[in-house]
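The block underneath contains the structure these notes are about, expressed in structure tokens.
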Protein chains: 2
Amino acid sequence: MSQTTVSRAINGFPEVSEKTRQVVLEAAAKHNYKPNTRARRLATGKSMTIGHLVSVSKEYELVNPIFADFIAGASARYAQSGYDLLLSLVPDEDEFTSYKELAARSTVDGVVVHAPRVDEQRIAQLNSLNLPFVVHGRSSNTPEKYNWVDVNNERSFFRATQLLIELGHTTIGLINGMAGVDFAVRRTQGYLRALKENNIELANAYVTHSEMTEPNGYKNALALLDLPDPPTAIVTSSIIMAHGIKRALDERELKLGRDVSVITHDDDLSYFRDAAAVPVYTATRSSVREAGRLSADLLLKTIADPSRDPEGILLDADLILGSSTKPPRLR
Amino acid sequence: MSQTTVSRAINGFPEVSEKTRQVVLEAAAKHNYKPNTRARRLATGKSMTIGHLVSVSKEYELVNPIFADFIAGASARYAQSGYDLLLSLVPDEDEFTSYKELAARSTVDGVVVHAPRVDEQRIAQLNSLNLPFVVHGRSSNTPEKYNWVDVNNERSFFRATQLLIELGHTTIGLINGMAGVDFAVRRTQGYLRALKENNIELANAYVTHSEMTEPNGYKNALALLDLPDPPTAIVTSSIIMAHGIKRALDERELKLGRDVSVITHDDDLSYFRDAAAVPVYTATRSSVREAGRLSADLLLKTIADPSRDPEGILLDADLILGSSTKPPRLR
DNA sequence: GACAATATCCAAAGCGCTTTGATAAATTTA
DNA sequence: TAAATTTATCAAAGCGCTTTGGATATTGTC
């Protein structure tokens, strides 16, 4: 039997009779034969691989735990379509070089861009490389067209802040992610808009920016509590920071909700699912795993049809009421 | 200039003169030429890829956040040696099938096995596939030889429990990971040995097993606190669970340390680094990122020389004193 | 039953590199 | 200066598939 027939039988082409196909498949099963990945990729000219480059800052050396859930969502879709997932942690200064290499060597058929900044260089660069990509998040100051999947950060944080104001809070802190990262900027905008619409003016010191770690949540909460007029409510960008905030409140013998209200953004991470009937934290919730799925779908569609117009998918976070928000105590 | 010369110039073979090499390299740089990954892999017969299969249980759908840090450690080493990292989340019932496929198609040159069970089937299976691998963890009941990198879990939890006993605690709970997973079993053994050596007998109810999530830490802590004779100290397997335990203590208006002592295992996750001068939690600490690095080194060595005898690397966790452990209060 | 149409199958080319074995040029040795 | 080495380069084979363009066998049509 010829190689051609075997190849067609295995890959489901119609040119081969059902009978022959069965014979081939049985023989393949018997010898545990599977077409060699490397040869197949060379012959087809496709890498059948999606790259996820996660940039790691030299100073911080952090790996954002939301990647685990995002990738879990994406990975399932890739598997369904026969794609592999290539994960690479690169020092952030090497990031574009890495993309260029992936493209030049054609190691991957597409990439996902994580944590875009407000003025994200990578997007124009990737467009010029002609490598299909999807951005998880958006980049406010980037005129280019590109595929993206994002949460409505501005609106979410507007609503969160608005809710606190409606409860009677007027001194509200924001413990946000790193300055310059797009989602953090949009969240600050939403927070500021709510204050403004309610004629509340607050000093810049009520907003902090840092990597979203537990220790940073703690440290920044203490800083806010040490202000001359400490906030009675705090909005924060991550449930991990919320845990740090909680620790700061404990240390100051303040009770979450009663003494200080907290609203957090909740990515619905599998290890921190706040799924009680009444959640611990009032939260703007949006599953990052779902975002991973959608990003993967979008990328696979773009790879299948590269002439496709870039698309943006905007997810709306739910505002979930928990027990961490109450009206402010009278002073 | 012939293909041969170009190939040799780029890959640093000595058969080409320095002058020619420079000419080639300059031309390559000018046209941004990089050898095609697919073609190179087919020609060399190597995939230059390491697979990490993370099994995801259908019921839980959890992604252990320690993978993020483990992989961060491993990824750096792979990059140094020119290897790519293939990440695949597979439903646990399909796991062996996935390994078999990777081997048959020779998609990867080696794999890392995560979260081995006490009686881990995958090890014998992988040995039979002749696919180089390293286990992160060990498998107590597996007679096979294999490469592994593990923490001294038994000893760590023995020391942790011993410390609590020395402080005067006699009723000590253990909030552990899933039953059957090797590290959890060894930790229970260490805990039980310390109790036994100090002639302390406790009912089975003082040990709980579950996925290491925050909500499970909370739930299991409440269960322990509801026992007729509640523990004055708790040992737990993850800093994420420790946060859940803390929440349970808050709810019961018990103070961490003063009312209930807690010792946790601390993987030194980048988002939960407990690095204050006096850490919040007394902990058995061992960097999972370092484990990732060591696993990668071991795997790459094995791939380079497949006849190499399997090696085991045993890391000792540090016992770090924090402020979550105090002598028990008098009742 | 002759011819067209269709269903099956196959030989060979090609994917873009690495590597082997050979040749030509430069250098050393006698 | 001729022969023996060494150095520098190249032509061609091959990695294990997919795919193209034919060839052959089968079926259908009038």
Side-chain angles (χ1 to χ4, degrees), chain A residues 1-49 81-84 86 100-109 129-131 303-304 306, chain B residues 1-49 81-84 86 100-109 129-131 303-304 306:
Chain A
M1 185 163 301
S2 83
Q3 239 189 98
T4 311
T5 308
V6 173
S7 173
R8 288 185 161 153
I10 288 181
N11 294 312
F13 282 76
E15 291 94 336
V16 67
S17 73
E18 233 7 86
K19 209 181 71 199
T20 313
R21 190 189 307 280
Q22 284 316 317
V23 174
V24 171
L25 291 182
E26 270 166 38
K30 189 172 148 207
H31 300 91
N32 192 31
Y33 170 82
K34 298 267 166 53
N36 180 288
T37 300
R38 292 188 296 263
R40 183 199 275 255
R41 286 178 182 174
L42 179 58
T44 58
K46 297 193 246 170
S47 293
M48 297 308 285
T49 302
S81 307
Y83 279 80
D84 286 335
L86 166 68
K100 237 167 59 182
E101 260 219 42
L102 288 182
R105 315 187 97 100
S106 91
T107 310
V108 298
D109 298 325
L129 287 178
N130 233 12
L131 182 65
I303 290 169
Chain B
M1 185 164 297
S2 83
Q3 239 187 101
T4 310
T5 308
V6 173
S7 174
R8 286 186 166 152
I10 288 182
N11 295 310
F13 283 76
E15 292 92 336
V16 66
S17 73
E18 230 9 85
K19 210 182 70 196
T20 314
R21 190 190 306 281
Q22 284 315 318
V23 173
V24 170
L25 291 182
E26 269 166 37
K30 190 171 145 206
H31 300 91
N32 193 29
Y33 169 83
K34 299 267 165 55
N36 181 288
T37 300
R38 294 188 295 265
R40 181 199 276 256
R41 286 177 182 175
L42 178 58
T44 58
K46 297 194 247 169
S47 294
M48 296 308 284
T49 302
S81 309
Y83 279 80
D84 286 334
L86 165 68
K100 238 170 54 182
E101 261 219 41
L102 288 183
R105 313 187 98 100
S106 91
T107 309
V108 298
D109 297 326
L129 287 178
N130 233 12
L131 182 64
I303 290 170

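Every chain is numbered from 1 and lettered A, B, ... according to where its sequence line falls, protein lines coming before strand lines. Values in this document were obtained by computation on a predicted structure and should not be read as measured data.
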Footprint ends on DNA chain D, 5' to 3', for atoms under 4.0 angstrom from a heavy atom of chain A, come out as D:dG16 to D:dG21
Would you sort out whether B:Thr49 and B:Asp109 count as a side-chain contact (heavy atoms from CB on, under 4.5 Å), showing the intermediate values? CA-CA 6 Å; B:Thr49 302; B:Asp109 297 326; 5.6 Å; no
Does some side-chain heavy atom of A:Ile10 sit less than 4.5 Å from a side-chain heavy atom of A:Leu25? yes
Residues 16-24 of chain A, side-chain donor-acceptor partners within the protein, below 3.5 Å, at least two apart:
residue : atom : partner : partner atom : Å
A:Ser17 : OG   : A:Thr20 : N            : 3.2
A:Ser17 : OG   : A:Thr20 : OG1          : 2.7
A:Glu18 : OE1  : A:Arg21 : NE           : 3.3
A:Arg21 : NH1  : A:Ala9  : O            : 2.8
A:Arg21 : NH2  : A:Phe13 : O            : 2.6

Considering non-hydrogen atoms only, spot the tightest contact between A:Ala103 and A:Leu131 and give its length. CB-CD2, 4.3 Å
Partners passing side-chain contact (heavy atoms from CB on, under 4.5 Å) against A:Glu101 (at least two apart in sequence or in another chain): A:Arg105, B:Lys34
Once side-chain contact (heavy atoms from CB on, under 4.5 Å) is applied, do any residues pair with A:Ala43, and if so which ones, sequence neighbours excluded? none
Does A:Thr5 make a side-chain N or O approach to OP1 or OP2 of C:dC10 shorter than 4.0 Å? yes
Is the phosphate of C:dC10 approached by A:Thr4 (side-chain N or O, under 4.0 Å from OP1 or OP2)? no
Tell me, which of residues 31-49 of chain A have any heavy atom that sits under 4.0 Å from an atom in DNA chain C? A:Leu42, A:Ala43
What's the spacing between B:Arg38 CZ and B:Asn36 CG if we round to 0.5 Å? 5.0 Å
Kindly write out the residues that satisfy salt bridge (Lys or Arg N to Asp or Glu O under 4.0 Å) with B:Asp84, not counting sequence neighbours, or none if the list is empty. B:Arg41
Contacts of A:Arg40 that satisfy salt bridge (Lys or Arg N to Asp or Glu O under 4.0 Å) - sequence neighbours left out: none
Among residues 10-23 of chain A, which contact DNA chain D at a heavy-atom distance under 4.0 Å? A:Asn11, A:Phe13
Please check this pair: side chain of B:Ser106 against backbone of B:Ser47, looking for a donor-acceptor N/O pair closer than 3.5 Å. no
For the helix from C:dG1-D:dC30 to C:dA30-D:dT1, what angle lies between the axis at the first five pairs and the axis at the last five pairs, to 10 degrees? 40°
Contacts of A:Thr4 meeting side-chain hydrogen bond (donor to acceptor under 3.5 Å, both in side chains) (sequence neighbours excluded), chain-then-number -> none
Restricting to side-chain hydrogen bond (donor to acceptor under 3.5 Å, both in side chains), what partner residues turn up for A:Thr37, sequence neighbours left out? B:Thr107
